[in-house]
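Structure record follows, encoded as structure tokens.
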Amino acid sequence: MEDTLTAAETALAEAVVKGEWYDAGGEPVRGGLLRRMLLGGFAWPGGEPDPRGIRLRNAELRGGLDLSEVETRLPLHLVDCRTSEPVLLTGAHLSTVDLSGLVGNNVVAVEARFDRALLLMGARLRAGTADGVLNLAGASVGSVVDVSGAHLISTHPEAPAFHGNNLVTGAGVFLNRGFRAEGGGPLGTIRLSGARIGGQLNLGGAWLVNADGPTLVGDYLCTRSNLMLNQGFHAEGRHENGTLRLVGAEIGGRFAGEDGHAFAAEPRDLVLNLGQVRVAGTVQLPASFTPGLVQLDGLTYTGVPRRTELAEWLDLLAHRTSHYASQPYLQLAEAHRAAGNERDVRRIHLARQRDLLRRGHLPPGGRLWHRVAGLTVGYGYRPAVALVWWAGVVALSVLLVAGIAGPAGLAVHIGQSGRCTLVEQVGLALNTATPLVKTDMQQRCQLDAAGAGGVLVAASWVLQALAWAFVTLFVAGFTGLVRKPG
């Protein structure tokens, strides 16, 4: 490197000593010079650098910027700068780094350590290398990572626009307010698997597009506060495991998806995969968030889901999940029970049992019993339905004895001639259809089993069996014996 400084570089050095900003007006500043300044081997004019650090605006970073393995306490502010080469921060130990408004290639900060903040607000980066566009894999940031308003475009078939696997931050990660990310291939546009975020993950209003894979992959992501996919959030991708995949994630606040939208290129692909996700707060997920398939098996949360009606949530579980699972229904029922909505709890369980019958793996005998339990006692949640069926049996029994056997002369006295009276005929019918209540009519009156009367006798046996069955089902439903989780 040449030791002679340009006019712009000399002015920058003087501004650093004074603790002032320097606007380069588009003039070049060598990246190698910035490295020397941060390493401590630079001869500062007129004193030592101010603790405010390097504060440079509107410069061309000639030759890129390589701060790999550099350790310094000086903050670095390179705002609205440009470069055609990568910015390399891998393994560095830095204070605040502000690259807001940077226009260039990519920023690689694998396993770098930032004691304070990392800022790339409004950056415009486009790269086609395997390192991706913004690579913070394994990095540690003491405060926020703010990439709001930035545009990150990856043209490499397998490199992400934002690589944050195992990223650790002391505060939030902001990919919002006009943030856009494109590309990434089958492994995802934004990767945050295993990341530990000390605040919220905010993608409100973000626009994510990936023609060949998912847009957000955050398996086992952990946030201390909210996950925001709201305020016009948009994601469109292509992957069988989800356009948005957050398997096993832990969200320390609420999951917010109001006014957000997500889509899958293939109708059979999952759009939103929240399998085994734990949300410490509420879930705000309207039915309009996606028209496609979702995975909610194992999702737990606090309170009743918001921004959607119960009917919409039940329709989502029944018709827009990839397969039947009982846990989402049981979680929803528990949330409504905690809120005191017992009527809604029964409604949820009925919907669960109907879905089990439609999509569950039941043996033939179990499927038949499930249908009977549904028709007779509402799967145990409407035992009064069995009493309606029993009342029908009583009515049929009265019709059989008093309406058919009586006029035909087939209801006769025992041991004496003559027909039974109407009151005796009704009593005989009640003896047949009321298993737990008996009158003495059967000792005085009976059906004549001779000839056509035998058919009526056999019919009365069938009615008696049905009466016993419906009374038994009522008792079983009332005591909860038929309420089994599916």
Side-chain angles (χ1 to χ4, degrees), residues 346-347 349-486:
R346 290 192 295 271
R347 183 179 173 188
H349 282 302
L350 285 169
R352 173 174 63 87
Q353 296 290 359
R354 294 190 192 103
D355 196 13
L356 172 61
L357 181 62
R358 185 171 62 91
R359 297 192 298 169
H361 299 290
L362 294 172
R367 187 169 295 276
L368 176 62
W369 165 249
H370 211 70
R371 289 186 183 278
V372 171
L375 290 171
T376 55
V377 290
Y379 306 106
Y381 297 98
R382 292 178 178 173
V385 175
L387 293 182
V388 175
W389 284 97
W390 171 77
V393 172
V394 172
L396 285 175
S397 182
V398 171
L399 177 64
L400 176 71
V401 177
I404 298 177
L410 299 177
V412 298
H413 284 285
I414 297 176
Q416 52 184 302
S417 60
R419 300 180 180 181
C420 298
T421 66
L422 179 60
V423 172
E424 291 172 330
Q425 293 170 19
V426 172
L428 180 59
L430 292 177
N431 271 347
T432 300
T434 53
L436 302 180
V437 179
K438 297 296 181 182
T439 70
D440 62 350
M441 291 303 172
Q442 200 165 10
Q443 299 175 0
R444 295 185 290 162
C445 187
Q446 67 178 8
L447 293 177
D448 186 357
V455 176
L456 296 180
V457 171
S460 71
W461 292 344
V462 173
L463 290 175
Q464 190 171 35
L466 288 174
W468 272 103
F470 290 134
V471 170
T472 301
L473 285 169
F474 167 75
V475 173
F478 188 78
T479 57
L481 294 178
V482 296
R483 302 179 190 177
K484 298 179 179 179

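Here, residue 1 is the first one in the sequence, and each next residue gets the next number. It should be emphasised that the depicted structure is a prediction, and the values quoted were computed from it without experimental measurement. The basis for the numbers below is simple: all heavy atoms, side chains too, and nothing from hydrogens, waters or symmetry mates.
Note that CD of Gln353 is 13.5 Å distant from CZ of Arg358, once rounded to the nearest 0.5 Å.
With hydrogens and angles disregarded, no donor-acceptor distance shorter than 3.5 Å links the side chain of Arg371 to the backbone of Leu357.
At a cut-off of 3.5 Å, with distance as the only test, a side-chain donor of Arg352 or His349 sits close to an acceptor on the other residue.
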